[in-house]
Enquirer: 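Take a look at this one; I'll ask things after.
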Amino acid sequence: MNHTEYQRVVEELNTLITDTRQLIARFEDTGMDNEMPDDYTRLELMVSEALKQQRHYMQKVLETDSHD
């Protein structure tokens, strides 16, 4: 992958993280975190995994940036 492709992945992951955090907030606001705790936990895990991947790809962006 090249710099642009890595950057695109970082941006897509950012969108996923933002959207999922908004969904988590709606879950909490409506009490669904208590009604559907397994789904709520899965959402939290999704954010955690997406953040991990985002850090990985951001490092790749920085590495490819320094080689240009």
Enquirer: Rounded to the nearest 0.5 Å, what separates atom CZ in Phe27 from atom CD in Glu35?
Expert: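 CD of Glu35 is found 10.5 Å from CZ of Phe27.
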Enquirer: Quick one: do Tyr40 and Asn34 satisfy side-chain contact (heavy atoms from CB on, under 4.5 Å)? Show the steps, please.
Expert: CA-CA 8 Å; Tyr40 182 76; Asn34 295 319; over 6 Å; no
Enquirer: Is any side-chain heavy atom of Lys60 less than 4.5 Å from a side-chain heavy atom of Val9?
Expert: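 When only atoms from C-beta onward are counted, Val9 and Lys60 do not touch, as no gap falls below 4.5 Å.
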Enquirer: With a 3.5 Å distance limit and no angle check, can you tell me whether Thr64 reaches the backbone of Val61 through a side-chain donor-acceptor pair?
Expert: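 Present.
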Enquirer: Quick check against the 3.5 Å criterion: does Thr30 have a side-chain atom that pairs as donor or acceptor with the backbone of Arg26?
Expert: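 Side chain of Thr30 to backbone of Arg26: a pair is present.
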Enquirer: So how far is it from Met46 CE to Leu23 CG, rounded to the nearest 0.5 Å?
Expert: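 If I round to the nearest 0.5 Å, the distance is 8.0 Å.
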Enquirer: Same hydrophobic cluster for Leu13 and Met1, using side-chain heavy-atom links shorter than 4.5 Å among ILVMFWY?
Expert: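 Yes, because Leu13 and Met1 connect within a single hydrophobic cluster, where side-chain heavy atoms sit under 4.5 Å apart.
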Enquirer: To the nearest 0.5 Å, what is the distance between CZ (Arg42) and CD1 (Ile24)?
Expert: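 If I round to the nearest 0.5 Å, the distance is 13.0 Å.
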Enquirer: Within this structure, what is the CD-CD distance for the pair Glu12 and Gln54, rounded to the nearest 0.5 Å?
Expert: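 Nearest 0.5 Å value for the CD-CD distance: 11.5 Å.
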Enquirer: Run the side-chain contact (heavy atoms from CB on, under 4.5 Å) test on Lys52 and Glu49 for me, step by step, so that the C-alpha distance in whole Å, both residues' side-chain angles and the decisive distance to 0.1 Å come before the verdict.
Expert: CA-CA 5 Å; Lys52 189 184 316 178; Glu49 184 60 30; 3.5 Å; yes
Enquirer: Do Asp39 and Leu43 come within less than 4.5 Å of each other through their side chains, counting heavy atoms only?
Expert: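 Side chain of Asp39 against side chain of Leu43, heavy atoms only: no contact under 4.5 Å found.
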